[in-house]
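Presented below is the structure to which this report refers.
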Amino acid sequence: MQLELFEDKGTAEIALEDIFEAYFDCRKHKRKTVNALAFEADYETRLIELWKEINAGTYQPGRSVAFIVNKPVKREVFAADFRDRIVHHLIIGKLNPLFEKYFISDSYSCREGKGVQYGVERVASFIRDCSKDYTRDCYILKMDIQSFFMSIDKPLLFRLLQKFIVSRYGGKDKNRLLELVYKTIINRPEKNCQIKGEISNWEGLPRSKSLFTTGKDRGLPIGNLTSQIFANFYLDFFDKYVKDNCGIDYYGRYVDDFVIIHHDKHYLLRLQKNLCSYLAARLHLRLHPRKVYLQHYSKGVKFIGAVIKPGRIYIGNRTKGNLYEKIVCCNKKITDCPAENRKTAVDLQASVNSYLGFMIHYKTFKIRRKMLNGYLLPLWHKYLTAAENAAKVSLKKIYRPLTVKIKKLKCRQYRN
C-alpha cells in the first residue's frame with residue numbers, strides 16, 4: 001500500500017486552529033482521564049509541537065493500550081494515545097460532513113441524529129409499511145458480517161478513501177489530510193502497545209477477532225474514532241449495492257448487523273447468495289454462516305438490543321441481563337467493602353442510568369421497577385433515590401462528588 005499525493009505542488013498546511021478545535025472536541029467527556037490531564041498540563045506547547053510534526057510530515061502514531069472487555073461480548077480494544085486521538089478527531093472533523101452527504105440515510109452507527117433508537121424505530125416502520133399495517137405477509141432477513149473489524153482490508157480501505165478525498169474534499173490541505181489518513185490506517189497498534197491486565201484475558205477470544213493474529217494488512221483497532229467512521233464508509237458500498245442493485249426498499253444497518261424486509265420469502269433466500277458474492281468479491285468480507293435469521297414479521301426480530309414485534313417493541317434479554325449483573329456486582333461490593341460504598345454508589349448510578357435511558361423508550365416499566373425495587377439491596381437507599389416512574393436513579397446530595405469535594409475543601413481551609 002503506497003501513498004500517492006494529489007498534485008503535490010506547494011502542499012498547504014493544516015491550520016493551527018484546526019488542531020486546537022480537534023483537541024477541544026477530543027477532551028469532551030474525557031477531561032478527567034489521566035492521559036487527558038497529563039496533556040492538558042501544557043496543552044498549548046504540545047499542540048504546537050503536534051501541528052509542526054503534521055505539517056513537516058514527521059508525525060507517527062504513538063503507543064496504544066490493549067485490553068479485553070467482556071460486555072456485551074468479549075472483544076479486544078486498543079486505546080490510542082491521547083495525542084493520536086486528537087489526530088483522529090482532526091481527520092473525522094474534516095471528513096465527516098462529506099461522509100454524511102455520501103452515506104445512505106439508513107446506516108445508524110456513529111451518526112449524529114441517528115443511533116440506536118432511530119434505527120430501531122426505522123426498522124419497525126419498515127415492517128409496518130411492507131406488511132401494509134400488518135395485513136399482508138412480509139419477511140425479515142437479518143444477517144451480520146463475520147469478524148467485521150478484523151476482516152477489513154486496509155489497502156483496499158485506503159484506496160477507496162483516497163479516491164473519495166481526492167474527488168470530494170476541497171480543502172487546500174488535501175495532501176496533509178491524505179498523509180494522516182494513510183498513517184492512521186497502516187498503523188499496526190499491536191506492534192507498539194502496552195497490555196493492560198493479564199495475557200490470560202485473551203484466552204477464549206477467537207483468532208479471527210484479534211489484531212495479534214489477523215495479519216499485516218487486515219483489521220482496524222476497535223476503540224479508535226477513525227475505525228468506527230471508516231468502517232461505516234467501507235460498508236456504504238454494500239449499502240448502496242443492496243438499495244440500488246437488489247431492488248430493496250426496506251433496509252437498515254447498524255455497524256455490521258443489517259436487516260432487509262421484503263414481501264417475497266423466496267427472493268430473500270436467493271438474495272443471500274448475491275450478498276455473499278458481492279461482499280467477498282468487492283470488500284473481501286464474509287457473512288456469518290450461523291447468524292442468518294429469516295422469519296415472518298409476526299415472529300419479530302432482534303435488532304440493536306431491542307425486539308421488534310408487530311405494534312410493539314421490547315427490550316432484549318442481553319440488556320436486561322447486563323443490568324441485572326451490574327446490580328448484583330454492586331450489591332456484593334456494598335456488603336464486602338463498606339468503606340468504598342460512596343464510590344460504588346457513584347459507579348452504580350452511572351451504569352444503571354445508562355441502561356434506564358435506553359430502556360425507557362420501550363415497554364419496560366415493570367422490568368425497571370423490578371430491577372430498582374426488587375434487586376437493589378435496601379442498603380442503597382442511604383445513597384440513592386429512584387424516580388417514581390423508575391426512569392432514573394439519583395445520588396443524594398450529600399454523596400454527590402461535587403458536594404463531597406466542596407466539603408473536603410472547607411475542612412482543609414478550616415484546618416489551615
Side-chain angles (χ1 to χ4, degrees), residues 1-26 28 47-48 50-61 80 83-114 149 152-187 217 219-221 224-241 243-244 253 255 282-284:
M1 180 167 59
Q2 294 181 345
L3 172 63
E4 296 179 4
L5 296 179
F6 178 72
E7 295 181 0
D8 193 14
K9 296 179 181 179
T11 299
E13 294 186 344
I14 299 282
L16 183 59
E17 304 87 72
D18 294 343
I19 304 291
F20 273 80
E21 184 179 348
Y23 165 70
F24 289 121
D25 284 342
C26 183
K28 285 180 183 176
L47 289 176
I48 291 172
L50 178 60
W51 172 65
K52 289 179 178 178
E53 285 183 27
I54 289 172
N55 288 316
T58 59
Y59 163 78
Q60 293 296 333
R83 192 169 183 263
D84 296 326
R85 278 182 265 162
I86 295 171
V87 174
H88 298 167
H89 278 265
L90 174 68
I91 292 170
I92 299 305
K94 289 179 174 293
L95 293 182
N96 224 22
L98 303 177
F99 286 152
E100 283 299 315
K101 295 177 182 178
Y102 184 70
F103 292 165
I104 69 166
S105 61
D106 283 298
S107 62
Y108 313 122
S109 174
C110 298
R111 298 183 66 187
E112 188 174 352
K114 296 186 184 291
F149 278 93
I152 291 175
D153 186 318
K154 294 200 288 188
L156 174 59
L157 170 62
F158 178 70
R159 289 197 299 272
L160 295 173
L161 276 167
Q162 186 178 35
K163 183 178 179 181
F164 178 86
I165 292 169
V166 166
S167 63
R168 293 176 180 266
Y169 183 73
K172 294 181 179 179
D173 55 2
K174 184 182 296 185
N175 281 337
R176 293 298 176 213
L177 180 60
L178 276 170
E179 285 178 2
L180 292 178
V181 170
Y182 176 76
K183 289 176 179 178
T184 300
I185 291 176
I186 67 165
N187 180 44
D217 291 329
L220 297 181
N224 288 357
L225 174 64
T226 47
S227 297
Q228 305 292 327
I229 306 300
F230 289 169
N232 231 7
F233 171 80
Y234 197 70
L235 276 185
D236 184 72
F237 295 90
F238 175 71
D239 298 338
K240 290 184 169 70
Y241 172 77
K243 297 280 287 183
D244 300 338
R253 177 179 61 81
V255 192
R282 181 69 194 272
L283 300 175
H284 308 160

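Annotation for Arg85 and Cys26: closest pair CB-SG, 3.6 Å, computed over non-hydrogen atoms. Among all heavy-atom pairs drawn from Pro61 and Asp84, the shortest one is CA-OD1, 3.5 Å. Closest non-hydrogen pair, Asn187 versus Lys154, comes out as O-NZ, 3.5 Å. The heavy-atom pair separating Trp51 from Leu16 by the smallest distance is NE1-N, 3.5 Å. Of all non-hydrogen atoms in Arg282 and Phe237, the two that sit nearest each other are NH2-CD2, 3.8 Å. Pairing each heavy atom of Asp236 with each of Arg253, the nearest pair is N-NH2, 4.3 Å.
Side-chain atoms of Arg159 do not come within 3.5 Å of backbone N or O of Leu161 as any donor-acceptor pair. A donor-acceptor pair under 3.5 Å is absent between the side-chain atoms of Lys94 and the main chain of Leu177, judged by distance alone. A donor-acceptor pair under 3.5 Å is absent between the side-chain atoms of Asn96 and the main chain of Ile92, judged by distance alone. Within the 3.5 Å criterion, the main-chain N or O of Phe103 finds no donor-acceptor partner in the side chain of Asp239. Arg176 places a side-chain N or O within 3.5 Å of a backbone atom of Asn55 that can act as its donor or acceptor partner.
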Pair Phe230-Asn224, side chain to side chain contact (heavy atoms under 4.5 Å, CB included): steps then yes or no: CA-CA 10 Å; Phe230 289 169; Asn224 288 357; over 6 Å; no
Working for side chain to side chain contact (heavy atoms under 4.5 Å, CB included), residues Ile91 and Ile229: CA-CA 10 Å; Ile91 292 170; Ile229 306 300; over 6 Å; no
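Under the ring-ring contact (aromatic ring centres under 6.0 Å, His included) criterion, Tyr169 pairs with no residue, sequence neighbours left out.
Between Ser107 and Lys114 there is no side-chain heavy-atom pair separated by less than 4.5 Å.
Figure legend: cation-pi geometry between Lys240 and Tyr102, with NZ or CZ positioned under 6.0 Å from the six-membered ring centre and within 45° of its axis.
Ring geometry for Phe164 versus Phe233: interplanar angle over 60°, hence perpendicular rather than tilted (30 to 60°).
Using modelled atom types, one finds no donor on one side chain facing an acceptor on the other under 3.5 Å when comparing Tyr23 with Asp25.
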